[in-house]
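The block underneath contains the structure these notes are about, expressed in structure tokens.
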Amino acid sequence: MTYPLSAEQRALQSRVRGFVARFLIPHEVHAEHSDGLFPEGAEAAARAEVARLGLAAMNMPKALGGGGLSYLEQALVSEQIGRVTNGLGWLVTTPARCLAEVATDAQLETWVRPTIRGERHECYAITEEEAGSDVEAIRTTARREGDGYVIDGEKWHVTSANQADYLVVQAKLAGGASEGAHALFYVDRATPGVRFVRTPAYTHTFAHHHPIVAFEGVRVPAGNLIGAEGQGMSFTHDWFRYERLMIAARCCGAAERLIEEATAFAKARVAFGQAIFENQSIQFMLADSLTELWAARLMVYRLAEAHDAGEDVKVLHGQCSMAKLYASEMANRVADRAVQIFGGRGYMRENVAERFFRELRVDRIWEGTSEIQRSIIAGQLAKRGQEALVG
């Protein structure tokens, strides 16, 4: 039994799979040995194909120039993008939905529309040295001063900051009626007081870096406030919910690729006079991997459909945690088995299993650790009961 997707959805899935196979996967090994970069000319060709396929800013409204895809369509795209290592698929962009939903006319023209068109590039400065999953613990402040705000603090793991020309910064309001509440701000990278402290080396080899960024008396106009004072945390929760679902989708794509590659190798690799696929130990690893992939994929597709149907967002919040928890841990188990099946080859950086073994580890950490997801799920169980979540 395959999932009951429409002909149009199957066609989208096929188009993106073809794009990935032609424009991204062939450049993985080059990227691995070139700081995550495409070969010369290959990135421009891939970006042009993304635009032709209508995948740029795929989550943004068509009225603003985005892809206007449904949640299920986005999950199908993200799953195929997940088949690729080295972050090459990140050129399929998904700016935070709240940026468009609450934008003023000036913000639309200054940041939102240019981002959708690919003329500007954003990053999100939320995490801090002492505030990861516990976003409430951030210490960065925004103090109202005259006709603007002054931002002070330091952000960690600012993904893609090296490629961005502006940051979306989360800060706690200092002083005034909204003291202690959270707010988001547009901060252009060239604004005085924005300083890149350092860029740590990470386990994966991506062209998108995760530097530490300091904000030292950074002054921004009041027009840079996203939405209203006090809405910052709700925007972040919405973003986390979306990202957790798309991480789960990408993990399904990674697991699918790993199963394909490991199965093909096991059928071709001969040891002791027979293909290693004939060994029951290899069969069991692949059988477990395939079963877990199917379960994760069913969760992702059904949850995407629930978003499209406008189901209770509070329930969806817990279910997105369930999907991310299960899919990310599933993909890590599949990667570990694939390395084992490839043997020594699985420990070579030119091997897809080796790269995924490193890269998938962070999916159990960012956008909320597996432990945080379990806490969210348990909290939802206590508040709403089992029937609401899995009935």
Side-chain angles (χ1 to χ4, degrees), residues 95-115 120-199 209-243 366-368 372:
R97 187 178 62 178
C98 68
L99 302 185
E101 290 178 339
V102 300
T104 64
D105 289 343
Q107 290 173 349
L108 281 173
E109 297 308 314
T110 304
W111 293 287
V112 179
R113 290 185 187 274
T115 301
R120 300 200 69 176
H121 302 283
E122 89 283 17
C123 64
Y124 302 90
I126 299 174
T127 301
E128 299 182 4
E129 183 176 12
E130 301 299 332
S133 295
D134 181 11
V135 181
E136 181 58 42
I138 64 170
R139 297 176 180 174
T140 297
T141 59
R143 184 182 72 258
R144 188 66 190 253
E145 190 171 288
D147 59 353
Y149 294 86
V150 178
I151 300 173
D152 287 284
E154 185 176 274
K155 297 294 185 176
W156 280 46
H157 313 303
V158 186
T159 299
S160 301
N162 63 309
Q163 300 199 6
D165 65 320
Y166 72 93
L167 307 94
V168 174
V169 180
Q170 184 161 348
K172 278 186 176 177
L173 296 162
S178 300
E179 169 95 36
H182 290 240
L184 299 183
F185 298 89
Y186 290 107
V187 178
D188 288 325
R189 179 172 167 175
T191 304
V194 176
R195 179 171 63 89
F196 279 48
V197 177
R198 65 185 180 92
T199 300
H209 300 162
H210 316 272
I212 298 169
V213 183
F215 301 86
E216 300 167 333
V218 175
R219 295 177 180 272
V220 298
N224 286 34
L225 173 66
I226 298 171
E229 290 188 352
Q231 286 188 298
M233 189 66 87
S234 64
F235 293 150
T236 298
H237 285 162
D238 181 75
W239 174 247
F240 280 173
R241 187 171 57 254
Y242 172 79
E243 272 298 296
W366 56 16
E367 314 306 350
I372 288 294

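The basis for the numbers below is simple: all heavy atoms, side chains too, and nothing from hydrogens, waters or symmetry mates.
Two residues are said to be in side-chain contact when any heavy atoms from C-beta on lie closer than 4.5 Å; Ile212 and Glu154 meet this criterion. In this structure, Phe235 and Gln170 have side chains that are not in contact, with every pair of non-hydrogen atoms separated by 4.5 Å or more. Two residues are said to be in side-chain contact when any heavy atoms from C-beta on lie closer than 4.5 Å; Phe185 and Leu225 meet this criterion. Annotation: side chain of Tyr124 is not in contact with side chain of Val158 (no heavy-atom distance under 4.5 Å). Between Trp111 and Val168 the shortest side-chain heavy-atom distance does not fall below 4.5 Å. The closest side-chain heavy-atom distance from Phe196 to His209 is not below 4.5 Å. Annotation: side chain of Leu99 is not in contact with side chain of Leu184 (no heavy-atom distance under 4.5 Å).
By the salt bridge (charged side-chain N to carboxylate O under 4.0 Å, His left out) test, Arg120 pairs with Asp165, Asp188, sequence neighbours left out. Judged as a salt bridge (charged side-chain N to carboxylate O under 4.0 Å, His left out), and not counting sequence neighbours, the contacts of Glu128 are Lys155. The salt bridge (charged side-chain N to carboxylate O under 4.0 Å, His left out) check on Glu243 picks up Arg250, with sequence neighbours excluded. The side-chain hydrogen bond (donor to acceptor under 3.5 Å, both in side chains) check on Tyr166 picks up Thr115, with sequence neighbours excluded. Under the side-chain hydrogen bond (donor to acceptor under 3.5 Å, both in side chains) criterion, Arg143 pairs with Glu145, sequence neighbours left out.
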side-chain contact (heavy atoms from CB on, under 4.5 Å) evaluation trace for Val218 with Val187 = CA-CA 8 Å; Val218 175; Val187 178; 3.9 Å; yes
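Taking CD1 of Ile151 as the start and CG of Asn224 as the end, the distance is 8.0 Å to the nearest 0.5 Å. Rounding to the nearest 0.5 Å places NE2 of His182 at 8.5 Å from OG1 of Thr236. Atom NE2 in His210 sits 11.5 Å away from atom SG in Cys123 (nearest 0.5 Å).
Among Leu167, Val220, Val169, Val112, the one residue that satisfies the side-chain contact (heavy atoms from CB on, under 4.5 Å) test with Tyr186 is Val112.
Among pairs with a residue in residues 129-140, those fulfilling salt bridge (Lys or Arg N to Asp or Glu O under 4.0 Å) read Glu136-Lys172, at least two apart in sequence or across chains.
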